[in-house]
2 protein chains.
Amino acid sequence: MSEAAPIRPIPADQVGEWAYEADVVVAGFGVAGAAAAVGAAQSGADVLVLERTGGWGGAAAMAGGFIYMGGGTPVQKACGFEDSVDDMKAFMKAALGPGTDDAKIDVYCEGSVDHYHWLADECGVPFKMSFWGEPGWEPPADDGLQYSGGENSAPFSTTIRPAPRGHIPQMQNKRESAERGGGYMLMKPLTDKAAELGVRSEYDMRVQALIVDADGRVVGLRAKQYGKDVDVRARRGVVLATGSFAYNNQMLESFAPKMVNRPAASIEEHDGRAIQMAQAIGADLAHMDAAEVAYFCDPQLFTRGILVNGRGQRYINEDTYPGRVGQATLYENQNQSFVVIDEAAYEEGASRPTATPELRHRPTWVAETVEELEAEMGLPAGALQSTVEVYNRHAEQGVDPLFGKKAEWVKPIGTPIAAIDMRGLTGGFTLGGLRTSVDSEVLHVTGDPIPGLFAAGRCTAGVCAGGYASGASLGDGSFFGRRAGISAAKN
Amino acid sequence: MSEAAPIRPIPADQVGEWAYEADVVVAGFGVAGAAAAVGAAQSGADVLVLERTGGWGGAAAMAGGFIYMGGGTPVQKACGFEDSVDDMKAFMKAALGPGTDDAKIDVYCEGSVDHYHWLADECGVPFKMSFWGEPGWEPPADDGLQYSGGENSAPFSTTIRPAPRGHIPQMQNKRESAERGGGYMLMKPLTDKAAELGVRSEYDMRVQALIVDADGRVVGLRAKQYGKDVDVRARRGVVLATGSFAYNNQMLESFAPKMVNRPAASIEEHDGRAIQMAQAIGADLAHMDAAEVAYFCDPQLFTRGILVNGRGQRYINEDTYPGRVGQATLYENQNQSFVVIDEAAYEEGASRPTATPELRHRPTWVAETVEELEAEMGLPAGALQSTVEVYNRHAEQGVDPLFGKKAEWVKPIGTPIAAIDMRGLTGGFTLGGLRTSVDSEVLHVTGDPIPGLFAAGRCTAGVCAGGYASGASLGDGSFFGRRAGISAAKN
């Protein structure tokens with residue numbers, strides 16, 4: 001653990017020389033850090049961002065770009081969807097739990113339309129006023145809105161009025177270049193805005209430890225820059241925004257062992273260091289076991305078939321948000337899953353547009369009967385046949401009483417029939433981290449804020465406790481990042 | 001959070017007067033604390049135990065009394081079972097994970113026979129050399145050995161030679177009095193031994209905060225005694241042994257939300273305070289989401305039937321350790337479960353001895369056919385019928401290809417048929433807590449031991465990561481409690 005030693009806080013009186021200094025010092029230049037920098041600068045602070053890599057962007061710039069917003073945004077309205085703050089709150093509390101931080105969700109939802117305007121109008125993030133309604137992880141082209149959490153599917157749609165809340169910055173044919181995807185089109189305007197506001201940035205800055213004064217107030221950070229320790233003074237506050245711990249296997253073993261060696265939509269810099277730096281001064285944690293889990297198959301396929309676990313049993317409505325499928329597969333079904341689909345449905349799904357052609361797997365097994373397919377898959381006699389029989393019996397009436405799949409996707413499964421072997425094909429990033437207040441203050445285990453310390457993004461436990469919706473990470477990263485910057489600037 | 005403030009460490013130079021003093025100060029007089037006290041005293045230390053209630057015992061004294069031991073103990077041998085350290089290690093790593101602390105399991109298994117002799121020969125814990133082999137949470141009488149983790153069932157029994165490792169101190173007709181149960185018969189000799197060794201104890205001592213010197217070494221504890229703050233000096237070390245956080249709803253919301261308002265086999269003193277006191281000086285945590293989960297039904301019943309989830313699907317082999325059933329129900333099946341059993345099997349099960357007659361529920365629904373039962377249970381047509389049909393088809397051959405239930409328990413389900421509504425009927429205690437070394441040192445987030453601070457029992461992450469076996473808590477509490485006492489004494 002020799003590399004870990006610098007995690008311990010450094011007393012301010014041991015600092016010889018401050019190499020850099022600013023009102024607000026932000027660690028990490030992904031979405032939370034960029035939003036914090038803009039928020040702090042707009043509040044009149046002199047801001048310095050320390051970034052470990054050679055440039056801004058973080059995992060956000062490589063992401064599809066979903067930002068979870070609602071309550072009646074201009075994009076929602078232009079696309080003909082009604083939404084309310086209350087519906088948004090109800091959905092998030094139901095879908096992202098159990099154990100959600102309801103105060104955090106409340107301010108997030110109440111401030112969501114304002115957040116949209118801040119992103120779009122003040123920061124210049126482009127949104128196209130168009131909706132993509134087919135199954136998929138992301139829109140295949142540049143549409144600006146999509147259902148991204150299962151709002152319009154069971155079990156939520158029966159009790160909470162659904163609205164799509166996945167807002168995507170307008171991409172420029174993302175398949176051509178990573179520098180034109182939705183995440184890039186969020187980060188480019190945000191960091192341009194930061195630069196315009198005079199935010200400074202230093203690169204190759206690997207944060208090591210917090211610098212704390214005699215009263216326990218965080219007054220700076222020690223970082224390694226080009227191999228040398230440098231101390232950075234924060235006159236008003238430090239904002240931690242360095243991402244998840246998806247690449248720290250020791251932390252995963254301790255907190256989220258099912259995610260060991262399963263990182264996706266993350267970058268190697270996500271090593272949990274900032275979480276540990278804050279733990280070392282008594283910061284509390286939350287939801288360390290929670291994770292976003294992608295199911296690596298094209299929803300255009302599996303929505304048209306059925307998903308069964310390692311015992312041939314259905315376990316979820318196939319028309320829900322594919323991230324719910326991922327979580328149910330990894331956490332509740334031993335990461336064992338198969339897509340069962342008939343030839344006609346497969347061909348139809350495969351002919352539809354998709355943003356993820358690489359997830360359009362070819363069938364692993366094909367058979368003339370369910371019995372034969374079941375045997376080829378190695379399932380006990382009757383296991384899959386009974387599943388298909390019960391599904392088909394109700395599908396003939398257009399219903400799915402077991403899971404409430406929408407009528408439009410309920411169709412008896414015919415022959416020839418195929419299965420895609422999806423066992424083990426999940427991955428994602430951790431959602432747990434530092435416990436923070438609605439104003440992005442890092443909370444001590446006593447429940448009190450730690451003076452001078454703020455955090456946002458995936459190094460914190462944000463709006464998600466157990467569940468997930470696409471856009472929740474860029475959503476709470478940008479929303480609570482901005483608040484972290486404002487809080488630090490006013491500190 | 002006003003009550004939480006004292007969680008912060010107190011600088012030693014702010015202590016006016018030491019109200020008490022000892023070489024080793026142990027917080028908590030349950031199993032881990034008692035074992036620590038004996039271990040420390042046997043190592044020559046002057047020991048003081050601080051207990052919050054009015055007497056020794058903790059949750060342990062009220063427990064059934066299982067202690068997980070193996071590798072060839074005298075009880076195992078007398079009952080005709082062969083076991084080895086390697087088999088024990090293999091089982092524990094497979095059944096208590098994912099994410100087990102393998103170094104901890106290694107020393108635990110390698111020292112298990114010695115631990116037995118320490119308990120039995122040095123401390124005088126009585127064990128009867130007899131085995132109870134029927135399904136059940138505990139033996140109905142005073143037998144000393146039982147399978148307590150599913151060792152002899154799928155999936156473990158096919159790859160790891162099974163041996164029963166649940167050792168129960170000989171009880172004295174436990175149904176008559178809580179003061180004669182297995183847990184009591186562990187705690188009485190342990191605390192008698194402590195007294196014999198000169199261990200002192202103070203009651204009504206509610207620990208508040210650690211006292212730390214200028215070098216970061218833990219040198220004592222502040223406690224509230226009869227409403228007054230008292231400072232207690234530990235010349236060599238402090239041992240935290242105050243139990244789980246099963247009664248701290250804020251911690252449960254943050255870390256194990258499925259366990260909120262679901263404590264069982266715990267006591268109200270299990271408020272997580274000691275975990276937070278150590279967090280406040282940078283102690284690391286592990287497996288905060290993990291929990292022991294009891295399924296509140298008599299295994300004599302459900303082993304003879306099938307267990308189905310809220311969709312009428314089987315989800316586990318019914319002959320496994322009932323704690324695995326509890327975990328699978330709560331964590332993987334939305335806490336929805338039914339026991340489905342025919343009249344003959346019910347009557348047979350209900351006529352067998354049990355330690356838990358209060359869990360011998362009467363059927364919720366009874367029907368002449370599966371179809372009728374399915375309708376009464378509110379399940380979609382075919383959901384339960386297909387489950388029973390597939391189960392029976394294979395049961396006629398004496399096999400259970402889906403889950404590998406042992407042949408002796410596989411029998412076609414006939415009619416009349418009944419179901420017991422078990423939805424929501426689970427509960428238990430948390431398994432996560434402070435991360436400790438194999439020598440029970442509390443580890444800082446850097447990975448280094450915190451000088452002067454030791455811990456054991458359910459305020460630590462012990463041998464369990466995700467899974468559980470009965471006896472693992474009294475097992476690792478006593479094993480690592482003893483080591484905590486020895487480490488502190490030698491400190």
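Because only heavy atoms are used, hydrogens play no part in the values below, and waters and symmetry mates are left out as well, while side chains stay in.
For the set B:Ser386, B:Ala383, B:Ala290, B:Ala280, the count of heavy-atom pairs under 4.5 angstrom toward chain A peaks at B:Ala280. Options A:Arg311, A:Met251, A:Met277, A:Lys258 differ in how many heavy-atom pairs under 4.5 Å they form with chain B, and the most are formed by A:Arg311. Annotation: maximal heavy-atom pairing with chain A below 4.5 Å, among B:Thr387, B:Val390, B:Leu285, B:Asn309, occurs at B:Leu285. Chain A forms more heavy-atom pairs under 4.5 Å with one residue of B:Ala461, B:Ala286, B:Ala256 than with any other, namely B:Ala286. Note: B:Pro257 leads B:Gly466, B:Pro257, B:Ala283, B:Ala278 in heavy-atom pairs under 4.5 Å with chain A. With respect to chain A, the highest number of heavy-atom pairs below 4.5 Å among B:Asp284, B:Leu379, B:Ile281 belongs to B:Asp284. Across A:Gly432, A:Gly282, A:Ser254, the residue that shares the most heavy-atom pairs under 4.5 angstrom with chain B is A:Ser254. With respect to chain B, the highest number of heavy-atom pairs below 4.5 Å among A:Pro401, A:Pro9, A:Ala328 belongs to A:Pro401.
Using a 4.0 Å cut-off between charged side-chain N and carboxylate O, B:Arg8 and A:Asp448 make a salt bridge.
A donor-acceptor pair shorter than 3.5 Å can be found between the side chains of A:Asn249 and A:Asn261. Defined by atom type and a distance below 3.5 Å, a donor-acceptor pair is present between the side-chain atoms of A:Asn335 and A:Thr426. A:Glu332 and B:Gln334 share a side-chain donor-acceptor pair at under 3.5 Å. Donor-acceptor pairing under 3.5 Å is recorded for the side chains of B:Thr100 and B:Asp102.
Annotation for B:Glu371: atom CD does not count as buried by contact number, only 12 or fewer foreign heavy atoms lying within 6.0 Å.
Residues that satisfy the side chain to side chain donor-acceptor pair (under 3.5 Å) test with A:Lys104, not counting sequence neighbours, are A:Thr436.
The shortest non-hydrogen separation linking A:Val442 to A:Ala455 is CG2-CB, 3.6 Å. When every heavy atom of A:Tyr331 is checked against every heavy atom of A:Ala291, the shortest pair comes out as OH-CB, 3.6 Å. When all heavy atoms of B:Pro380 and A:His394 are compared, the pair lying nearest together is CB-NE2, 4.2 Å.
With a 4.5 Å cut-off on non-hydrogen atoms, B:Phe255 touches chain A through its backbone and its side chain both. Heavy atoms closer than 4.5 Å to chain B are found nowhere in A:Glu389, neither backbone nor side chain. Neither the backbone nor the side chain of B:Asn333 comes within contact range of chain A; no heavy atoms are under 4.5 Å apart. Contacts of B:Ala381 with chain A are made by both backbone and side-chain atoms, with heavy-atom separations under 4.5 Å. Residue contact with chain B, scored on non-hydrogen atoms closer than 4.5 Å, involves the side chain of A:His444 exclusively. Only the side chain of B:Arg393 comes within contact range of chain A, with at least one heavy atom under 4.5 Å from a heavy atom of that chain. B:Phe403 touches chain A through its side chain: at least one heavy atom from C-beta onward sits under 4.5 Å away, while N, CA, C and O do not.
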